[in-house]
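The structure appears below as structure tokens.
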Amino acid sequence: MKKIITLTLFLAITSAVAGGILAYVNELTAPIIDGMAIEAEKENLELIFPGADFEEVAFEDETGLVKGAYLAQGQGYIYKVEVVGYNSSSPVVFMIAYDNDANNVGFAILNQQETSGFGSRIDTPEFIDTVIGTTVNDSISTLSGATVTTKAVVSGINAAKAVYAIHAGVTVDVQEPTEPEAEVLTLSSDFATDAQIVENVDGVYTISAKGYAANNTVVVTITDGIVASVEVTEFNDTPTIGDLATTDEYLSSFVGKDPSSQVDVVSSATLTSKSILAAVQLALNDANGVVAVNLGNNDFATNKAEIVSSDAGTYNVLSYGFQANNEYVIVIENGAVASVVCSTFADTVGMGDLATTDEYLGSMTGFTTESSFDVVSGATMTSNSVLAAVQAALNAEVKGE
Amino acid sequence: MNRKQNFINGFIKENPVFGLYLGLCSALAISTTIDNAIGMGLCVTLVLIFSNVIISAMRKITPSEIRIPVYIVVIATLVTCAEMLIHAFMPSLFTSLGVFISLIVVNCIILGRAEAFASKNGVVDAALDGLGMGLGYTFSLLLISVVRELLATASLTLSNPFTSDIIFQINLTSLEAYKISLFSSPAGAFLTFAAFSAVFAMIKNKSDAKEKGTK
């Protein structure tokens, strides 16, 4: 018994002495370590308030997203926030600052490795400019095509706002992110997605279409030129994100659609829904006999398109339609069509002019020599004359002919 | 003479890494650059000297039943102090060594020397043993890291841990094209370690045979 007490006492005394030494060393080094933390962050803080005096401030944050809070003397508060967007292996780190009047005066992304061209758009003025200048009570919109990343960033901003409310002693009405209106596309538009027909058995098309990560297999059934059913048989995109576009509800919304119908793109699952749209489009085009032809290679020999005059990308082109030459003014910018106007129409009124509507001519905006096109049925000759003119202008611009 | 022998033993015959195979975990993990090797080595040396001295000084009053927990408390305190001091005064070393500083606590060299030597010898001997063993460990790390840094980056850089200024730098630009990045990964550490162990074993065998011969 006595032995046990002696041993316990000895160990207790040793530990107490050790604790004392540790406390002393900690007291000695803690201020230096804290000072370095500010010093290390100073470069980032200066991004927003150059030349200010900074001081680290204590904060409480339920969400755990806010990693640091700093007071810039007389100017406002800066928060360092870390959120996980789409790329779970590398968080998005950003600084956000509110001045003393609750206005956002700074937003800078320090680190992001989101998908290039999609989530990475948070680091472009497209997103940054929607944040700077807002007040704490404003809602911030997400970006379509980058919904997952922007939602995460907005939730981080909201966490920072909640902390700011305590620091500045104001009440903040934290708003959920507003989603942009669902993108609505016509089934005949260009989805810029690779899709290929694997099999076609009596109008039941098996199509492999590229989504976000890999190819998805979509089975589209076409009856009498319209969609009868759409089914995704193989899904290779991100679970819980891409599969928002493979719900029965979304797929059944395609039933009864024809090539001119409009369909929604599912926000947060833009790429997967476009893979499905591209598959449906391909099946419809194949069933309706529309052959997508590459504009650069197609031979419009009968139209005898001829450039009358050109001036810095603006081309006047004569192109033979059904019975006479139509004249078009085509503007090409950066190798793509900027506008097409029919300046003289000489074909049949009520027939050929189906192919010179603003809508049809407008659909050519953005065309390059690689684009494929639709021919307007009932106005084949006239629409060929438009296409021939566009082709001639593009070739002249690109090849310098 | 005996003291000198003890001290020198730590380098070749009883080299903790290549001779006794102690402390391999951290030795292999941090020996990517000579900066890390020297920083880690000196840190271990200091902790080892202090722990040996303290344990040796306490050896008469420490009850033998609880000596291991007492050693652990002493070592852990020293390592934590070292960690805080490095964090405060050598931030760049702190970032590059990371968790391996706190892992010095479980480095078997330290507990091993405390149990095998310091608890049975006087303070001065214990301090010398700590210095010898610590420098032996530093020497081993330096050997591995020179080979690894040279092969992996075709250059050697030594910088001042207090200010991060570069003290000297050798660039073997002619070997730039023959870099082997494998050597910056753990596999390279094992290869280097195995080669050095073989050399040390050879030296040890030779000197053992000589001693037998003279007897």
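In what follows, every chain begins at residue 1, and chains take the letters A, B, ... in the order their sequences are listed.
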*chain B neighbours within residues 15-24 of chain A, where any heavy atom lies under 4.5 Å away*: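 Interface residues of residues 15-24 of chain A: A:Ser15, A:Ala18, A:Ile21, A:Leu22.
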*Look at atom CD of A:Gln73 and say whether more than 12 heavy atoms of other residues, nucleotides or ligands are closer to it than 6.0 Å.*
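Buried by this count: over 12 neighbours within 6.0 Å.
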*Flag if over 12 foreign heavy atoms under 6.0 Å of CD, A:Glu27*: no
_residues 25-61 of chain B: residues contacting chain A (heavy atom under 4.5 Å, by number)_ = B:Met58, B:Ile61
*If you tally heavy-atom pairs under 4.5 Å against chain A, which of B:Cys81, B:Ala88, B:Ala76, B:Pro91 wins?*
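Going by pairs under 4.5 Å, I would pick B:Ala88.
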*asked:* So which residue, B:Ile66, B:Val73, B:Val70, B:Thr80, ends up with the most heavy-atom pairs under 4.5 Å with chain A?
replied: B:Ile66
*Does B:Met84 reach the side chain of A:Asn26, with side-chain heavy atoms less than 4.5 Å apart?*
yes
*For B:Phe89, is it the side chain, the backbone, both or neither that has a heavy atom under 4.5 Å from a heavy atom of chain A?*
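For B:Phe89, side-chain heavy atoms alone lie under 4.5 Å from chain A.
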Measure the [atom1]-[atom2] distance between [X] and [Y] for me, rounded to the nearest 0.5 Å.
X       : Y       : atom1 : atom2 : answer
B:Ile72 : A:Leu11 : CD1   : CG    : 11.0 Å
B:Leu85 : A:Leu28 : CG    : CG    : 7.0 Å
B:Glu65 : A:Leu7  : CD    : CG    : 5.0 Å

